Every structure is written in C-alpha cells, then in structure tokens.
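Okay, structure first, notes after.
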Amino acid sequence: MSTIRVRFAPSPTGALHIGGIRTALFNWLFARSQGGAFILRIEDTDQSRSTDESIQIILDGMKWLGLDWDEGPYRQTERMDRYREHIDGLLKEGKAYHCYCSPEELDARRKAAMAAGKPPKYDRKCLGLKEPVEGRTPAVRFLSLDEGETIVRDLVRGAVTFENKQLDDLIIQRSDGLPTYNLAVVVDDATMNITHVIRGDDHLNNTPRQVQLYKALGYEPPQFAHLPMIHGPDKTKLSKRHGATAVTEYQDLGYLPEALVNYLARLGWSAGDQEIFSLQELIEKFTLENVGKAPAVFNPEKLLWLNHHYIQQADHGRIAELLLDLLKKDGIVAKGNEPDGEWLKKLVGILQERSHTLVEMKDSAKAFLVEEVEMEEKAKTKHLKPDIAPVLTTLLERLKAVDPFTHDGIEKVFNGMVDETGLKLGKIAQPVRVALTGGTVSPGIYNVIEVMGKEQTMKRIEAAVGMIK
RNA sequence: GUCCCCAUCGUCUAGCCCGGCCUAGGACACCGCCCUUUCACGGCGAUAACGGGGGUUCAAAUCCCCCUGGGGACGCCA
C-alpha cells in the first residue's frame with residue numbers, strides 16, 4: 001500500500017482566499033487523518049500575475065491557521081526543465097502540435113462558435129501544418145481524443161462521464177515557452193506521486209483533459225475529490241464583492257484561527273450533529289465520505305458565534321497578548337508603556353464573555369487604558385444629572401475607604417447606598433458607569449471599578465461630579 | 001449557447017448509499033420569556049425545510065425517470 005500524498009497548490013496572485021484555505025484545510029485534514037504527506041506547491045507559471053508577496057501571504061496564512069506542510073513549498077517556476085521534457089516527449093510522439101493562432105483570432109472564433117450554439121472548441125486549424133508560420137512563435141497544443149468518453153471517478157461525486165468530442169486541444173505551452181496550468185499540474189502531481197487530488201469543484205471540468213494528459217504521458221491518474229464551492233449570500237461563487245474573503249481580513253477583524261478552521265471545516269463537511277471541533281478532533285473524524293456535494297453559503301454570523309465561543313475558551317494570557325497587539329496597533333497603548341500583564345489578564349477576564357471578536361474587546365478595553373475618558377454626549381445628559389451629584393460624592397467617600405479594593409467590598413458600598421437612598425441600583429450604577437467608561441455599556445460595574453483601580457475610579461467620579469456642576 | 005455538477009428550515013447541516021424507527025434531528029440567525037446594575041453571556045421556548053410531476057413498492061426525504069430551479073466550466077488564468 002502506497003502512502004497517501006496530497007497537496008495544496010495555490011497560485012500566488014493576490015490574497016489567500018477563504019475558498020482556497022478551505023481546500024488547503026481539507027487536504028491537510030485528509031493527510032493528517034490518513035497518516036499521509038501534505039505538500040505545498042506554488043503554481044506560479046503565470047509570471048505576469050505571480051508575486052513573491054503573495055507567496056508570503058499564503059505561507060503566513062497557513063501558519064496562522066496551523067496548517068503545516070511536510071514538503072515544499074515547491075515552485076513551478078523552479079521545475080521548468082521537467083515540463084519541457086514532458087512537452088517535448090508529447091511533441092515527438094505526435095501527441096501534441098504547434099499552434100500559430102493568435103489569442104485574438106482564437107477569441108474571435110470562440111465567440112463565433114458560442115453565438116452559433118456550438119461548443120467553443122478549438123478548430124484544429126494548425127493541426128496539419130507542415131511549415132512554421134512566418135513571424136509567429138507557436139504555442140503547443142495537446143492532441144486530445146475525439147472519440148469515446150473519459151470517465152472521471154470522483155471520490156465525492158462518483159463517476160462523471162465526459163464525451164471526448166466535447167473536449168478540445170488545450171494549450172500546454174504558451175508561446176513564451178512557459179507551460180500552462182493543465183500541463184504543469186499533471187506533470188507535478190504525477191512526478192510528486194500525489195495520490196489524491198482534492199480541490200474545488202470549479203476544476204471538475206478540467207479533470208477529463210488532465211486524465212487524458214496523464215495517460216498520454218504514461219502516468220496513472222490519481223484519485224480525485226472535488227469539493228463543493230463556497231458561495232456568497234446570492235449563491236454565486238464567493239468573491240471579493242461579497243465582503244471579507246481574505247484570510248488576513250479575518251485576522252485583522254479579530255478572529256481566532258481555531259474559529260476560522262472550525263467554521264470552514266463545517267462548510268461542506270459534517271460529522272453528525274457536532275458543531276465544535278478542535279483541530280485534533282477534526283483530524284480524528286475527517287473523512288472524504290462525509291464531504292457534501294452541494295455548494296455552501298458562507299455565513300458570517302455563525303463564524304462570529306464560533307469566534308465568541310473560542311474567545312471564552314481561550315487562555316487569558318494568550319488573549320491578553322493578542323489584545324495588547326491590537327491596542328498598540330491602534331495607538332491606545334504606547335510602546336514601552338505597556339500595562340501590567342496580570343492586570344491585563346484581569347481586564348480580559350471581565351471583557352471576555354461579551355466580546356465576539358478581539359477588535360470588539362479592544363474597543364471595550366480602551367476606556368480602561370486612556371488617561372481621559374471620552375464621554376458619549378447622550379450618556380452624559382441622560383445619566384449625569386445634578387440630583388445624582390451628592391450620591392456620587394458620598395459614594396466616592398466610601399469607596400475611598402474600601403480595602404482591599406475588590407468586587408465584594410465595592411458591592412457592599414453600593415448596597416449600602418441603595419438602602420440609604422432608596423434609589424434603585426440602576427440609578428446609581430449607570431451614572432457611575434458613564435463616569436468611568438464614558439458610555440452606558442460595560443461589564444458589571446463592580447468588576448469595572450475593581451479593574452480600573454481606586455485611583456482611576458476616584459479621579460473619574462470626581463471629574464464627573466465636577467462636570468455636573 | 002455547449003458541457004458538467006447540485007437540490008432537506010433564511011443559512012450550515014443530520015437522515016439518503018443499506019426504503020419503514022422521520023409527527024424530519026442539531027446548530028447559527030430571528031422572535032418570545034426568564035436572569036439582570038447597562039450591554040452582553042446564560043437558561044427556557046416558539047416559528048421554520050424534504051422544489052414539482054410521474055413511477056417502483058404494502059411503505060419513499062430515502063430507489064428510478066422527467067421537469068424546474070440554482071451553480072460551475074468553457075483563457076497562451078489557476
């Protein structure tokens with residue numbers, strides 16, 4: 001039994017897309033669950049669109065999500081000799097031929113065919129050519145079968161039959177001498193001994209041609225598994241116009257990698273009723289049999305719910321570090337002037353359960369870190385009225401005496417105030433909340449006071465009383 | 001237009017392969033109630049789906065056919 005080898009083969013032409021990383025995840029999960037190898041290969045044969053920066057984005061994204069690879073990253077541009085050999089071989093055996101048609105001519109003929117209701121297939125104009133065409137560098141086309149049918153046995157879809165006459169002679173080498181995707185992918189998968197090609201559904205139509213190429217080249221085709229697409233709310237292929245689709249965007253939006261992984265895993269795959277999976281559980285439970293066939297609409301709300309879940313679960317220290325990064329990025333915390341680590345953990349502790357993202361947490365944390373609170377006008381006029389000033393002043397006095405300055409002691413002071421004044425707790429708590437945080441929304445007021453500390457609490461309540469007068 | 005794929009709550013899905021246990025289960029969202037010092041969290045509850053038509057069968061969400069609908073591919077992109 002040969003070992004299982006799978007690969008993720010992105011093209012470095014921009015952001016690392018949600019759909020792409022989902023494909024990577026499924027490949028990775030399959031490899032890890034089967035004890036196979038996961039190979040990373042960069043498909044950069046299109047030199048006009050590939051960039052090193054994009055490669056870095058791919059590597060960073062995969063590392064962030066914890067998808068480690070066993071081999072690579074290989075780059076196709078480093079394997080040109082291999083492609084050339086294969087192409088020359090096909091040429092020699094008459095399984096490929098030179099084509100001198102220009103892209104413009106081809107485009108015109110393709111459109112004409114479509115308009116006439118015919119399959120937009122290459123007309124083999126150059127097939128019988130004996131002499132080179134003057135002044136043109138040829139591309140190379142693969143001579144495909146025009147009779148019979150090619151059957152793709154797909155692990156998620158079953159047998160898919162294509163009539164060979166529908167398939168045209170695809171270009172395997174550009175006129176600039178570089179191989180095209182269809183050739184490079186076949187040569188690489190064959191020579192890298194890839195056993196399972198797991199990729200997006202949008203490649204299903206390429207598969208019969210690739211199968212023919214494998215055979216023409218004398219290779220055994222691998223097993224195929226085509227994953228359903230991820231759609232936007234309008235049920236079309238997920239793309240930029242649907243909003244955040246890049247992995248880095250989710251990172252910036254304050255999502256935890258385990259939330260994204262968990263969410264993506266459940267898009268097109270399931271294991272009974274289970275919703276929450278650790279990476280380890282995913283590895284244990286992942287099978288291609290449980291991959292669905294229908295496309296899935298990307299649902300940001302559910303991702304948000306998962307992110308909230310993982311923020312609750314996460315270690316306070318880890319969240320504190322991530323939070324600190326965001327705080328610095330926003331200039332709320334200056335470099336060299338970081339808050340105490342233990343204190344920050346306490347802050348995380350009270351912010352955690354109401355934060356769905358790290359960015360949300362950062363916004364709530366701001367009031368605890370700035371020198372001067374920004375007062376929301378509406379909150380101020382509603383809660384900081386003259387009649388509350390004496391209450392705040394009394395409260396201030398009593399709070400001053402609380403020692404240790406912790407939740408329970410603070411609570412006693414408030415309860416005492418409620419008993420004496422006959423006011424409802426909310427009537428006292430809200431003004432204090434506004435005084436301390438500048439707004440009407442925050443964690444429990446005793447927690448806020450404790451974490452803010454005696455000094456800041458005094459200062460801010462005093463300032464509020466001053467503001468009222 | 002041609003080819004290919006797909007079809008269960010608004011969304012992700014379980015069930016389908018091996019028909020009966022399905023009065024179709026779970027989750028997100030939404031709505032209601034409870035908890036409550038605000039906002040959340042949490043708890044409880046409700047609404048909500050087998051696209052249509054034909055078969056096959058004692059019995060179909062499950063098997064077959066057609067229709068419809070949706071998607072994808074049709075590049076010297078990957």
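These figures come from a predicted structure and were not determined experimentally. Chain naming here is simple, since letters A, B, ... match the order of the sequence lines and numbering starts at 1 in each.
Distance CZ (A:Phe142) to C1' (B:rC76): 17 Å, rounded to an integer number of Å. The distance from atom CZ of A:Arg41 to atom C1' of B:rA78 is 11 Å, rounded to the nearest whole Å. Protein atom CZ of A:Phe162 is 13 Å distant from nucleotide atom P of B:rC74, rounded to whole Å. Following rounding to the nearest Å, A:Asn164 (CG) and B:rC4 (P) show an atom-to-atom distance of 12 Å. A:Tyr263 places its OH atom 6 Å from the C1' atom of B:rC12, with the value rounded to the nearest Å. Rounded to whole Å, the distance from CZ on A:Phe277 to P on B:rU13 is 12 Å. Taking atom CD of residue A:Gln430 and atom P of nucleotide B:rC39, one finds them 8 Å apart after rounding to whole Å.
Closest to the side chain of A:Arg354, out of B:rA27, B:rA78, B:rA40, is B:rA40. Nearest nucleotide to the A:Val441 side chain, out of B:rC39, B:rC4, B:rU2: B:rC39. Among the nucleotides B:rA78, B:rA7, B:rC76, the one closest to any side-chain atom of A:Ala139 is B:rC76. For A:Lys237, whose side chain is taken as the heavy atoms from C-beta onward, the closest listed nucleotide among B:rA73, B:rC76, B:rU11 is B:rA73. Distance from the side chain of A:Thr236 is smallest to B:rG71 among B:rG71, B:rA73, B:rA27.
Neither side chain, A:Asn290 nor A:Ser270, offers a donor N or O lying under 3.5 Å from an acceptor on the other. Side-chain polar atoms of A:Asp44 and A:Thr77 form a donor-acceptor pair below 3.5 angstrom. Side chains of A:Tyr181 and A:Asn206: no donor on one and acceptor on the other come within 3.5 Å.
Across all strands, A:Thr180 comes closer than 4.0 Å only to sugar-phosphate atoms, never to a base (heavy-atom distances). If you check every strand for non-hydrogen atoms under 4.0 Å, A:Arg266 touches a base.
For the C1' atom pair drawn from B:rC74 and B:rA27, the interatomic distance equals 38 Å after rounding to whole Å. Nucleotides B:rG45 and B:rU56 place their C1' atoms 42 Å apart, quoted to the nearest Å. B:rC9 and B:rA61 are spaced 15 Å apart, taking the P atom of each and rounding to whole Å. Taking atom C1' on both B:rA7 and B:rG32, the two are 33 Å apart, rounded to the nearest angstrom.
At a cut-off of 3.5 angstrom, the base of B:rC76 holds at least one donor-acceptor pair with the side chain of A:Ser175. For A:Asp273 against B:rG25, a side-chain N or O and a base N or O form a donor-acceptor pair under 3.5 Å. Judged by distance alone, with hydrogens and angles left aside, A:Arg433 brings a side-chain donor or acceptor within reach of the base of B:rU37, the pair sitting under 3.5 Å. Residue side chain A:Glu353 does not reach the base of B:rG42 through any donor-acceptor N/O pair under 3.5 Å, judged by distance alone. A donor and an acceptor atom never sit less than 3.5 Å apart when one is taken from the side chain of A:Lys293 and the other from the base of B:rC6.
Under the 6.0 Å cut-off for aromatic ring centres, A:Phe38 and A:Phe30 do not qualify, their centroids lying 6.0 Å or more apart.
Using a 90° window around 0 for the glycosidic torsion, B:rC41 falls inside it and is classed as syn.
Under a cutoff of 6.0 Å and an axis angle of 45°, A:Arg209 and A:Phe142 do not form a cation-pi pair.
Remark: B:rA14 base-pairs with no nucleotide; criterion is Watson-Crick or G-U wobble with both hydrogen-bond distances under 3.5 Å. Base-pair partner of B:rC63: B:rG55 (Watson-Crick or G-U wobble, both distances under 3.5 Å). Across all strands shown, B:rC22 has no partner, as no Watson-Crick or G-U wobble contact with both distances under 3.5 Å is found. Taking a pair to require two hydrogen-bonding distances under 3.5 Å in either a Watson-Crick or a G-U wobble arrangement, B:rU38 remains unpaired. Pair assignment for B:rC3 gives B:rG72, based on Watson-Crick or G-U wobble hydrogen-bonding distances that are each under 3.5 Å.
Below 30°, between 30° and 60°, or above 60°: for A:His226 and A:Phe224 the angle between ring planes is below 30°, a parallel geometry. In this pair, A:Phe414 and A:Tyr446 present their aromatic rings perpendicular. The plane angle is above 60°, beyond the 30 to 60° band.
For the pair A:Ile171 and A:Gln166, both in contact range of RNA chain B, the more 5′-proximal nearest nucleotide belongs to A:Gln166.
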